[in-house]
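Every heavy atom of this structure was used, including side-chain atoms; hydrogens, water molecules and symmetry mates were not.
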Amino acid sequence: MKKYIKLFFRILLVAILLVVAYFYIAFFGNPVSKILCKNSAEKYVAENYPDCHIENVAYNFKDGNYFANIQKEGSVDTNFFVYTDWLGNIGYDSYESYVTSGHNTANRMM
């Protein structure tokens, strides 16, 4: 009987740890996916915007995707995002809507 109680508590502990891990990943993201996002974004930026660099990579818990904040050295208006999914696949970038359209400059002037 004592053996079954120990087994029950071990299973309960594993279940609790899985639930905690699930909620942690849901709100803060998966560290492996963050690395995949960073690597994909670095490659994408090097190919498409060679004069820019990645400032940081973050997780958006609302849609479950990752984004990399891209900045051009010496330019306050060249700041945009590259969005990826949890596998590191590039979704889109916001260069046109933030930089080319003048959105960043207009926000800075306000």
Side-chain angles (χ1 to χ4, degrees):
M1 183 69 174
K2 192 174 183 181
K3 184 169 77 171
Y4 292 116
I5 293 173
K6 283 184 180 181
L7 180 63
F8 171 76
F9 282 113
R10 286 183 181 160
I11 292 172
L12 183 65
L13 177 65
V14 168
I16 290 171
L17 290 175
L18 288 174
V19 169
V20 168
Y22 174 79
F23 280 105
Y24 177 83
I25 290 172
F27 285 106
F28 299 107
N30 181 347
V32 174
S33 294
K34 187 173 182 178
I35 292 169
L36 291 173
C37 171
K38 183 177 180 188
N39 292 339
S40 296
E42 284 175 348
K43 183 178 177 185
Y44 181 80
V45 169
E47 290 173 0
N48 297 295
Y49 310 103
D51 53 344
C52 297
H53 66 278
I54 295 176
E55 285 288 313
N56 67 333
V57 176
Y59 175 71
N60 184 353
F61 73 92
K62 293 177 185 175
D63 63 6
N65 292 318
Y66 294 81
F67 61 91
N69 184 6
I70 312 300
Q71 180 73 41
K72 181 178 178 181
E73 197 69 38
S75 174
V76 294
D77 293 331
T78 307
N79 183 14
F80 62 99
F81 300 98
V82 173
Y83 297 91
T84 68
D85 63 7
W86 61 280
L87 292 173
N89 300 318
I90 302 293
Y92 64 96
D93 70 54
S94 64
Y95 185 82
E96 286 188 26
S97 61
Y98 279 79
V99 179
T100 307
S101 70
H103 175 78
N104 288 344
T105 306
N107 278 347
R108 185 173 50 87
M109 299 303 231
M110 290 182 165

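A single hydrophobic cluster is not seen to contain both Ile35 and Leu87; linkage of ILVMFWY side chains at heavy-atom distances under 4.5 Å, directly or through other members, places them apart. Hydrophobic clustering of Ile, Leu, Val, Met, Phe, Trp and Tyr side chains at less than 4.5 Å, counting indirect connections, unites Phe27 with Tyr59. In the hydrophobic clustering of ILVMFWY residues, with side-chain heavy atoms under 4.5 Å counting as a link, Leu12 and Ile5 come out together. Residues Leu13 and Tyr4 are members of separate hydrophobic clusters, defined by side-chain heavy-atom contacts under 4.5 angstrom among Ile, Leu, Val, Met, Phe, Trp and Tyr. One hydrophobic cluster, built from ILVMFWY side chains closer than 4.5 Å, holds both Phe61 and Tyr66.
The shortest distance between side-chain heavy atoms of Val19 and Phe23 falls below 4.5 Å. Looking only at side-chain heavy atoms (C-beta outward), Glu42 and Asn39 come within less than 4.5 Å of each other. Looking only at side-chain heavy atoms (C-beta outward), Asn104 and Thr78 stay at 4.5 Å or farther from each other. Taking the side chain as every heavy atom from C-beta outward, Asn56 and Asn69 approach each other to under 4.5 Å. Considering only heavy atoms from C-beta on, Ile70 comes within 4.5 Å of Ile54 through its side chain. A 4.5 Å side-chain heavy-atom check between Val82 and Ile90 finds at least one atom pair inside the cut-off.
Relative orientation of the Tyr95 and Phe80 rings is perpendicular, given thresholds of 30° and 60° on the angle between their planes. The aromatic rings of Phe28 and Tyr24 sit tilted, their planes meeting at an angle between 30° and 60°. Between Tyr98 and His103, the ring planes lie perpendicular to each other; the angle is over 60°, past the 30° to 60° tilted range.
Donor-acceptor pairing under 3.5 Å is recorded for the side chains of Tyr49 and Asp93.
Contact record, Val76 with Gln71: CA-NE2, 4.3 Å, taken as the closest heavy-atom pair. The nearest pair of heavy atoms linking Asn65 to Asp85 is OD1-CA, 3.4 Å. Closest of all the heavy-atom pairs between Gly88 and Ser40 is O-OG, 2.5 Å. In plain terms, the two heavy atoms of Val45 and His53 that are nearest each other are CG1-N, 4.5 Å.
Remark: Arg10 CZ is loosely packed, at most 12 non-hydrogen atoms of other residues, nucleotides or ligands lying under 6.0 Å away. The number of heavy atoms from other shown groups lying within 6.0 Å of CD (Glu96) does not exceed 12.
To the nearest 0.5 angstrom, Ser75 atom OG is 10.0 Å from Glu73 atom CD. A distance of 5.5 Å separates NZ in Lys6 from NZ in Lys2, rounded to the nearest 0.5 Å.
Here the side chain of Asn48 pairs a donor or acceptor atom with the backbone of Tyr44 at under 3.5 angstrom. Under the 3.5 Å distance criterion, the side-chain polar atoms of Tyr83 are left unmatched by any main-chain donor or acceptor of Ser94.
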